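Let me begin by presenting the structure, written as structure tokens, before commenting on it.
To find a chain, count down the sequence lines: A is the first, B the second, and so on, and within it residues start at 1. As the structure is a computational prediction, the values presented were derived from the model and not from experiment.
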Number of protein chains: 2
Amino acid sequence: MKLSNGVEWALHCCVSLSQTEHPVPTLRLAELHDVPPAYLAKHLQALARAGVVRSTQGQDGGYTLTRPAAEITMLDVVAAIDGPAPFFRCTEIRRRGPLAADPARCANRCPVARAMGAAELAWRAALGTVTIAELATDIDAASGGDALVGVRDWLREH
Amino acid sequence: MKLSNGVEWALHCCVSLSQTEHPVPTLRLAELHDVPPAYLAKHLQALARAGVVRSTQGQDGGYTLTRPAAEITMLDVVAAIDGPAPFFRCTEIRRRGPLAADPARCANRCPVARAMGAAELAWRAALGTVTIAELATDIDAASGGDALVGVRDWLREH
DNA sequence: GCCGAGGTACTCGGATACGATTTGTCCGAGTTAGAATGG
DNA sequence: CCATTCTAACTCGGACAAATCGTATCCGAGTACCTCGGC
């Protein structure tokens, strides 16, 4: 089980987008992070579909955040890229084989699926507590306090 | 991101194995759950490599749990089947592109990776609190109290 | 009747094809900014 | 000098291949039980 590579790109892109009000095109975001532009575009489209970013077409167009970075959580981004499907899909083994349980008697969810669902909920909850704004602050602090300024300047002069 | 299908099989197999002291061969477990025998064998090998089950060769051989079901957690099984690799692999985007951060200044982990790691830890912790014994009890209760007896009888007469 | 050797049937284990999902790329539709033109 | 039209460049968006991982399968190595023969 591996999380899509684009999740990391999308998160860093959101952090970068939080540093400007101006639309930033895909090509600019791609060279800023040194990733394949066409593939990054695909993920940005997913973010747009999920309502995390808004696309502006035409010259001087690009992507902007739809709401303040403090109101976007990592969960929003991960769900947008990875999709809403749960990790674990119960195939109802109980109802198969020679000892197939009577469907009427096992109407409630399989305990295995329930435990898996609870664990996944814990994962999502943890991601929901971290916002893009917090990520930006932490990244800035980890880099000595010049990362965000650097992004702002770079976006302004390009 | 999708969890391997074999995780569900492995969990149910462990529950079944907890109902007997006698070794149970792959073929028996496969027809009990109505799954492809050869593929189930692959996952059982993984469980054996992880030390969750022990294999006994020769006639009347098969698989048995290496320790009481109350001492085996869902995390043990999931880690055995899915592997130890984390969901999120940080590619250190900060060190790429025109604004590459000085490696000396970002020696600590990227905040994105840290948050992802924390969320994954929450997931693993949730899985670690549920044991195979608890799963067996819940499954029995959900099926009206005759599921475990059914498995025991079926394994005895086959 | 007891012991031992051999055979046999059953078990696991790793090496081998197939399919699906993820990854990566491309070109066309649509839109906006700016320039050129006419009033 | 201003409004209008036109062009042109730039943007996103979805449709199209390649690679990697999960799925499924097979056959060989090894072991314990059972049978048979000898003592």
Side-chain angles (χ1 to χ4, degrees), chain A residues 1-10 13 17 22-31 33-66 78 80-89 91 155 158, chain B residues 1-10 13 17 22-31 33-66 78 80-89 91 155 158:
Chain A
M1 178 159 76
K2 187 170 66 70
L3 205 52
S4 169
N5 213 343
V7 170
E8 184 180 12
W9 304 353
C13 282
L17 287 177
H22 212 65
V24 183
T26 302
L27 192 64
R28 223 52 53 88
L29 286 172
E31 65 175 323
H33 299 103
D34 190 25
V35 297
Y39 192 31
L40 179 62
K42 194 181 187 67
H43 293 307
L44 290 175
Q45 287 172 29
L47 284 180
R49 264 191 296 263
V52 176
V53 301
R54 172 169 301 281
S55 69
T56 309
Q57 279 204 336
Q59 198 159 323
D60 272 358
Y63 287 99
T64 52
L65 296 181
T66 56
V78 170
I81 302 296
D82 194 59
F87 302 166
F88 183 82
R89 192 179 74 86
T91 59
L155 287 178
H158 279 85
Chain B
M1 176 159 77
K2 190 169 65 69
L3 205 53
S4 170
N5 212 342
V7 170
E8 185 181 9
W9 305 353
C13 282
L17 287 177
H22 212 66
V24 182
T26 300
L27 193 64
R28 223 53 53 90
L29 286 172
E31 64 175 325
H33 299 102
D34 190 23
V35 295
Y39 191 30
L40 179 62
K42 192 183 187 67
H43 293 306
L44 290 175
Q45 285 171 30
L47 284 180
R49 264 191 297 263
V52 176
V53 300
R54 173 169 300 281
S55 68
T56 309
Q57 279 202 336
Q59 197 162 322
D60 270 358
Y63 287 100
T64 52
L65 297 181
T66 57
V78 170
I81 301 295
D82 195 58
F87 302 167
F88 183 81
R89 191 180 73 87
T91 59
L155 286 177
H158 280 84

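Contact annotation: R54(B) side-chain N/O to dC12(C) OP1/OP2 distance is not under 4.0 Å. Proximity of T56(B) to the phosphate of dC12(C): no side-chain N or O atom is located under 4.0 Å from OP1 or OP2. Side-chain nitrogen and oxygen atoms of Q45(A) include at least one within less than 4.0 Å of the OP1 or OP2 phosphate oxygen of dG14(D). For dA17(C), neither phosphate oxygen OP1 nor OP2 lies less than 4.0 angstrom from any side-chain nitrogen or oxygen of Y39(B). Look at K2(A) and you'll find a side-chain N or O under 4.0 angstrom from OP1 or OP2 of dT23(C). Contact annotation: T26(B) reaches the phosphate of dC12(C) (side-chain N/O to OP1 or OP2, under 4.0 Å). Contact between the side-chain N/O atoms of S55(A) and the OP1/OP2 oxygens of dT11(D) is not found at any separation under 4.0 Å.
Where D82(B) and Q57(B) meet DNA chain D, the nucleotide closest to each residue was compared, and D82(B) sits on the side nearer the 5' end. Heavy-atom distances to DNA chain C give each of A38(B) and S4(A) a nearest nucleotide, and the one nearer the 5′ end belongs to A38(B).
Distance CZ/F88(A) to OG/S4(B): 10.5 Å, rounded to 0.5 Å. The CG atom of L44(A) sits 7.5 Å away from the CG atom of L17(A) when rounded to the nearest 0.5 Å. Here CG of L40(B) is found 10.0 Å from CG of L27(B). Values are rounded to the nearest 0.5 Å.
The distance between atom CG of D60(A) and atom P of dA35(C), rounded to the nearest whole Å, is 12 Å. Between Q59(A) atom CD and dA29(C) atom P the separation is 20 Å, expressed in whole Å. Separating the CZ atom of R89(B) from the P atom of dT23(C) is a distance of 11 Å, rounded to the nearest angstrom. Between L40(B) atom CG and dG13(C) atom P the separation is 13 Å, expressed in whole Å. dA9(D) atom P lies 17 Å from atom CG of L27(A), rounded to whole Å.
Contact record, G6(A) with I81(A): C-CG2, 4.2 Å, taken as the closest heavy-atom pair.
Among the heavy atoms of the strands lying under 4.0 Å from N5(A) are primed sugar atoms or P, OP1, OP2 only; no base atom is included. Across all strands shown, G6(A) has no heavy atoms under 4.0 Å from either base or sugar-phosphate atoms. Among the heavy atoms of the strands lying under 4.0 Å from R49(A) are primed sugar atoms or P, OP1, OP2 only; no base atom is included.
A side-chain donor-acceptor contact under 3.5 Å links T66(B) to the backbone of G51(B).
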